[in-house]
Amino acid sequence: MSVIIPTLNAGTMIDDLLSALERQTITPVEIIVVDSSSDDDTQAIVRAKHPEVRLLVIDRKDFNHGGTRDYALRESSGEFVCFLTQDALPKNNEFLARIVGPFSDERVAVVYGRQLPRADARPAERIVREYSYRPQSHRVTKADVKRLGINAFRVSDVCAAYRRSAYLEVGGFENPVLTNEDMFIAARFLRAGWTIVYEADAQVIHSHNFTFKQQFNRNYIQGVEITKHADILGNAELAGEGFSMLTYTLKKLLKEGEIVEAARFFTECIFRYTGNRKGVLDAKRAARRSAGR
């Protein structure tokens, strides 16, 4: 298995991540760090403390979530390629063994793992992770798309492993793309008859305490990209899934007596929704302008 980690100013975390990978019960055939010209000590740490790691450096302006990962995958050699973000720390030494296990089924194209919240995660963020990443593993095939809707395409490159042959068969990640490259290729996999696996025993520690502005911006970009790629997703809507997550999280916060946190989370969801809607509308306007030329 090859492991690929895109980085940008990861100096405070890259040593812990690489050390955790080096302790795995399965030894990767290679670890590749593709760094977007960090201006901290990321590259120096990799070279000094982990000389066996292959370091690729790209210009920061050339980074995009699909194209950069595609470049790194094509530079790698393993039949199975695991992507991790710089802030996703394997929970234990079994992570790689667990995430590669489902590939024993030759129809599995991608396996993604469970994200557990950091110790400093806000109560709402903890519950959102719990909602999104359940303790039960499951598989998704083309037959499940009608029942699951957009949830059928849920994959996260925070920690996900791909079968190289399947990846190349469907053409790889969208490029350029600002976000959701994992969702779009998942849709292509299902359309081509491949299987997606969520492996709950492959666990990383990963969460964020985003500001309202950060949530707005993230959801704006998602709105733009999902609208631009609506044909790939069969025009599936995100709104229903967002409402389900909102009600689940609010109910649990209120049950735990987190009244102030519940109010904050509700406000956060307004920023999420507003950002998404603006992204959708801007993408549609851009498409109409392009078609009118």
Side-chain angles (χ1 to χ4, degrees), residues 1-100 110-113 115-116 118-120 156-164 167-168 172-173 175-179 181-182 185 202-210 214:
M1 171 179 279
S2 299
V3 179
I4 294 172
I5 309 163
T7 57
L8 173 63
N9 294 335
T12 61
M13 55 194 79
I14 192 63
D15 183 35
D16 287 344
L17 175 52
L18 293 176
S19 295
L21 290 171
E22 290 163 356
R23 292 193 299 266
Q24 294 291 300
T25 57
I26 287 182
T27 302
V29 297
E30 62 188 341
I31 300 174
I32 298 175
V33 169
V34 54
D35 185 68
S36 296
S37 298
S38 291
D39 48 28
D40 69 353
D41 56 355
T42 298
Q43 294 178 33
I45 290 171
V46 173
R47 292 189 177 107
K49 295 189 175 183
H50 305 275
E52 72 287 352
V53 171
R54 185 178 177 193
L55 178 63
L56 304 176
V57 180
I58 63 172
D59 195 296
R60 194 172 304 186
K61 67 178 175 56
D62 294 331
F63 174 85
N64 78 81
H65 283 278
T68 301
R69 285 180 170 86
D70 180 78
Y71 159 67
L73 181 143
R74 293 174 190 273
E75 286 287 321
S76 69
S77 60
E79 169 59 6
F80 306 114
V81 181
C82 179
F83 288 100
L84 286 165
T85 55
Q86 65 189 36
D87 56 348
L89 186 67
K91 183 185 177 185
N92 54 44
N93 296 344
E94 293 290 328
F95 169 73
L96 289 180
R98 297 294 186 181
I99 207 163
V100 78
V110 59
V111 182
Y112 69 106
Q115 298 178 34
L116 303 174
R118 296 181 180 278
D120 66 350
S156 175
D157 279 343
V158 165
C159 58
Y162 291 80
R163 185 186 298 272
R164 179 184 299 274
Y167 177 91
L168 296 176
F173 293 128
N175 180 27
V177 68
L178 298 175
T179 189
E181 78 290 340
D182 39 22
I185 198 170
Q203 300 174 358
V204 296
I205 310 299
H206 177 262
S207 59
H208 295 288
N209 292 323
F210 286 131
Q214 287 172 323

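With a 4.5 Å cut-off on side-chain heavy atoms, Arg118 and Asp87 count as touching. Annotation: side chain of Gln115 is in contact with side chain of Ser156 (closest heavy-atom distance under 4.5 Å). Using a 4.5 Å heavy-atom threshold, the side chains of His208 and Gln214 count as separate. Residues Leu17 and Met13 have side chains not in contact (no heavy-atom distance under 4.5 Å, counting atoms from C-beta outward). Looking at Arg60 and Leu8, their side chains come closer than 4.5 Å, going by heavy atoms from C-beta outward. By the 4.5 Å heavy-atom criterion applied to side chains, Asp35 and Val46 are not counted as neighbours. A heavy-atom distance below 4.5 Å is found between the side chains of Asn175 and Asn64. Contact of the Pro6 side chain with the Ser36 side chain is not registered, since no non-hydrogen atoms from C-beta on lie closer than 4.5 Å.
Ring-plane geometry between His65 and Phe63 is classed as perpendicular, the angle between the planes exceeding 60 degrees on a 0 to 90 degree scale with a lower cut at 30.
Once rounded to the nearest 0.5 Å, the distance linking CG of Leu56 with OG1 of Thr68 reads 10.5 Å. Separating the CD1 atom in Ile205 from the CG atom in Asn92 is a distance of 9.0 Å, to the nearest 0.5 Å. Between the CG atom of Leu55 and the CD1 atom of Ile5 there is a distance of 11.0 Å, given to the nearest 0.5 Å. Considering CG of Leu21 and SG of Cys82, their distance stands at 7.5 Å, rounded to 0.5 Å. Atom-to-atom distance recorded for Thr42:OG1 and Gln86:CD is 7.0 Å, nearest 0.5 angstrom. Considering CD of Gln43 and CG of Asn9, their distance stands at 10.0 Å, rounded to 0.5 Å.
Nearest heavy-atom pair across Val3 and Leu84 is CG1-CD1, 4.1 Å. When every heavy atom of Val34 is checked against every heavy atom of Ala72, the shortest pair comes out as CG1-CB, 4.2 Å. Between Gly11 and Ile45, the closest heavy-atom pair is O-CD1, 3.3 Å. Residue Asp70 comes nearest to Gly172 through the heavy atom pair OD1-CA, 4.3 Å, listed as atom of the first residue, atom of the second, then distance. Shortest non-hydrogen contact noted between Val29 and Ser2 is CG2-OG, 3.7 Å.
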List the atom pairs, donor and acceptor, that lie under 3.5 Å between side-chain atoms in residues 93-100 and the rest of the protein, sequence neighbours left out.
none

* Go through Ser77 and Glu30 one step at a time and tell me if the side-chain contact (heavy atoms from CB on, under 4.5 Å) criterion holds. => CA-CA 8 Å; Ser77 60; Glu30 62 188 341; 3.1 Å; yes
* Could you go through the side-chain contact (heavy atoms from CB on, under 4.5 Å) check for Arg164 and Ser76 one step at a time? => CA-CA 10 Å; Arg164 179 184 299 274; Ser76 69; 2.7 Å; yes
* To do: List the steps, then state whether side-chain contact (heavy atoms from CB on, under 4.5 Å) holds for Lys49 with Leu18.
  => CA-CA 9 Å; Lys49 295 189 175 183; Leu18 293 176; over 6 Å; no
* **Criterion side-chain contact (heavy atoms from CB on, under 4.5 Å) on Tyr71 and Asp62, from CA distance to verdict** => CA-CA 11 Å; Tyr71 159 67; Asp62 294 331; over 6 Å; no
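Between the side chains of Tyr162 and Asp157, at least one donor N or O sits under 3.5 Å from an acceptor N or O. Using a 3.5 Å distance cut-off with no hydrogens or angles, the side chains of Asp15 and His50 do pair a donor with an acceptor.
Only one option out of Phe83, Phe173, Phe80 pairs with Tyr167 in a ring pair (Phe, Tyr, Trp, His ring centres under 6.0 Å); it is Phe173.
Contacts of Glu75 classified as salt bridge (Lys or Arg N to Asp or Glu O under 4.0 Å), with partners at least two apart in sequence or in another chain: Arg54.
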